[in-house]
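Worksheet: the structure to be examined is printed underneath.
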Amino acid sequence: MWLQVMEKENTSSFEGFILVGFSDRPHLELILFVVVLSFYLLTLLGNVTIILLSALDSRLHTPMYFFLANLSFLDMCFTTGSIPQMLYNLWGPDKTISYVGCAIQLYFVLALGGVECVLLAVMAYDRYAAVCKPLHYTVIMHPRLCGQLASVAWLSGFGNSLIMAPQTLMLPRCGHRRVDHFLCEMPALIGMACVDTMALEALAFALAIFIILAPLILILISYGYIARAVLRIKSAAGRRKAFNTCSSHLIVVSLFYGTIIYMYLQPANTYSQDQGKFLTLFYTIVTPSVNPLIYTLRNKDVKEAVKKVLGKGSIEV
């Protein structure tokens with residue numbers, strides 16, 4: 001399928017695309033370069049730390065940290081697939097990206113975004129089991145089920161992208177090479193087409209129902225049950241503990257879904273490129289970098305794991 005796409009667009013394959021990005025605001029580019037690089041390094045540091053702690057500390061060998069390690073790995077892949085090209089374009093006058101590079105970037109941005117949607121729903125189910133079924137939690141969330149749920153998340157995201165990315169790239173562009181974005185994102189590429197894209201937009205919306213809305217509905221249902229269970233807890237300490245268990249995930253869900261729904265569930269003709277650029281910048285560099293902080297700042301287990309790994313914790317005999 002990818003070979004057919006490349007053959008159909010042999011001219012663009014040779015010439016590539018021009019990522020306009022923020023070139024109309026040159027005074028912003030150096031500032032954005034420093035900001036993006038800083039957030040990228042913070043993302044790598046935070047998410048590598050989460051993955052290493054989850055692997056090295058036996059106290060973190062639980063379903064919650066298994067899924068959190070998956071999320072951290074996903075965020076690292078997502079940023080590494082998009083930010084280096086962005087930094088290259090922000091640093092100098094060359095704003096080009098090859099056709100193959102654009103195709104790869106589009107595929108992985110779509111795929112990993114879809115994986116995160118489903119993975120956040122899986123994590124919500126894990127929190128539901130922990131709060132609403134505490135006595136049966138280890139039986140419900142056994143390692144085999146955790147692996148299966150994580151596999152469903154990864155396969156769903158990459159399957160969705162395998163459908164949408166080639167369809168987007170095969171759109172006739174009548175020689176247009178300027179992408180009014182700093183990434184090869186689906187809305188920007190659809191907007192370049194010189195044909196009616198209603199059928200493709202309908203397909204994208206239908207798939208979004210399964211990849212974006214269905215997981216969101218599952219998240220809301222899970223937290224509806226969690227809220228009911230928390231309200232039944234009589235002690236303030238118990239309610240506070242249950243709230244702390246779920247608050248980090250709720251914040252991450254709000255940050256991620258807020259931008260994704262706004263960007264991908266609106267018609268292309270109402271899509272503002274300036275809004276799209278800044279929203280993409282937000283969920284590309286800000287969300288992946290703050291996820292580790294959100295999950296660890298109020299987490300005693302992670303703090304203890306850091307002390308243990310750094311040799312500051314007590315040595316168990």
Side-chain angles (χ1 to χ4, degrees), residues 1-6 9 17 19 40 43-44 47 51 67-86 97-123 147-171 179 181-190 200-201 203-216 218-219 252-253 255-257 259-265 276 279-289 291:
M1 184 177 289
W2 284 96
L3 190 57
Q4 293 175 349
V5 173
M6 293 176 67
E9 294 288 346
F17 294 98
L19 296 174
Y40 181 49
T43 297
L44 294 180
N47 287 292
I51 293 171
F67 294 127
L68 183 55
N70 270 265
L71 181 64
S72 293
F73 179 69
L74 185 156
D75 283 340
M76 287 175 56
C77 292
F78 186 85
T79 52
T80 301
S82 55
I83 288 183
Q85 178 70 45
M86 190 191 308
I97 182 173
S98 69
Y99 182 84
V100 173
C102 184
I104 292 172
Q105 189 177 80
L106 172 66
Y107 179 74
F108 280 100
V109 166
L110 278 176
L112 295 172
V115 173
E116 185 155 356
C117 289
V118 181
L119 186 60
L120 289 174
V122 169
M123 295 173 75
Q148 291 171 340
L149 291 173
S151 298
V152 168
W154 286 92
L155 291 173
S156 299
F158 278 87
N160 172 66
S161 186
L162 194 60
I163 297 172
M164 288 307 306
Q167 294 291 328
T168 302
L169 288 167
M170 283 191 291
L171 287 171
V179 182
H181 216 297
F182 51 81
L183 292 178
C184 287
E185 267 224 322
M186 189 175 71
L189 291 173
I190 290 177
L200 181 60
E201 289 181 54
L203 175 62
F205 187 83
L207 289 174
I209 291 174
F210 293 99
I211 295 294
I212 300 177
L213 289 183
L216 180 59
L218 292 175
I219 290 170
V252 170
V253 167
L255 288 174
F256 179 77
Y257 266 99
T259 53
I260 290 295
I261 289 176
Y262 183 83
M263 288 186 61
Y264 286 95
L265 294 183
L279 285 172
T280 301
L281 200 62
F282 182 81
Y283 83 76
T284 302
I285 68 168
V286 178
T287 303
S289 63
N291 281 354

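- Closest of all the heavy-atom pairs between Ala153 and Val118 is CA-CG1, 3.6 Å.
- For Phe256, the CZ atom is densely surrounded, since the number of other residues' heavy atoms within 6.0 Å is greater than 12.
- Taking all atoms of both residues into account, the shortest heavy-atom contact from Ile97 to Gly101 is CD1-C, 3.8 Å.
- Taken to the nearest 0.5 Å, the CG atom of Leu120 stands 11.5 Å off from the CZ atom of Phe67.
- Counting all heavy atoms, side chain and backbone alike, Leu169 lies closest to Ala103 at CD1-CB, 3.5 Å.
- Shortest non-hydrogen contact noted between Ile219 and Ala121 is CG1-CA, 3.5 Å.
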Is there a side chain to side chain contact (heavy atoms under 4.5 Å, CB included) between Leu19 and His181 once you walk through the steps? CA-CA 6 Å; Leu19 296 174; His181 216 297; 5.6 Å; no
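- Tested against Asn70 for a side-chain contact (heavy atoms from CB on, under 4.5 Å), the candidates Asp75, Leu119, Leu149, Ile51 yield a single pass: Leu119.
- Phe158 and Phe108 have perpendicular rings, their planes meeting at more than 60° on a 0 to 90° scale where under 30° would count as parallel.
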For Asn47 and Phe73: C-alpha separation, side-chain torsions, deciding distance, then whether side chain to side chain contact (heavy atoms under 4.5 Å, CB included) applies. CA-CA 7 Å; Asn47 287 292; Phe73 179 69; over 6 Å; no
Working for side chain to side chain contact (heavy atoms under 4.5 Å, CB included), residues Leu281 and Met86: CA-CA 10 Å; Leu281 200 62; Met86 190 191 308; 3.9 Å; yes
Pair Thr80, Tyr40 - check side-chain hydrogen bond (donor to acceptor under 3.5 Å, both in side chains), show working. CA-CA 8 Å; Thr80 301; Tyr40 181 49; 3.1 Å; yes
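- Every residue meeting the disulfide (SG to SG under 2.5 Å) condition with Cys184, not counting sequence neighbours, appears here in chain and number order: Cys102.
- Across all their heavy atoms, Met186 and Ala204 have their closest contact at CE-CB, 4.1 Å.
- Across Ser161 and Pro166, no two heavy atoms sit closer than the pair O-CD, 3.6 Å.
- In this structure, Glu185 CD and Ser82 OG are separated by 9.0 Å, a value rounded to the nearest 0.5 Å.
- Between the CG atom in Leu189 and the OG1 atom in Thr168 there is a gap of 7.0 Å [rounded to 0.5 Å].
- Annotation: the span from Leu112 atom CG to Tyr107 atom OH amounts to 9.0 Å, rounded to 0.5 Å.
- For the atom pair Leu162 CG and Leu110 CG, the distance stands at 11.0 Å (nearest 0.5 Å).
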Determine whether Thr43 and Phe78 satisfy the following criterion, side chain to side chain contact (heavy atoms under 4.5 Å, CB included), listing intermediate values before the conclusion. CA-CA 10 Å; Thr43 297; Phe78 186 85; over 6 Å; no
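- A donor-acceptor pair is defined here as one N or O able to donate and one able to accept, closer than 3.5 Å; no such pair exists between the side chain of Tyr257 and the backbone of Leu213.
- Atom CD1 of Ile104 is separated from atom CD of Gln85 by 11.0 Å, given to the nearest 0.5 angstrom.
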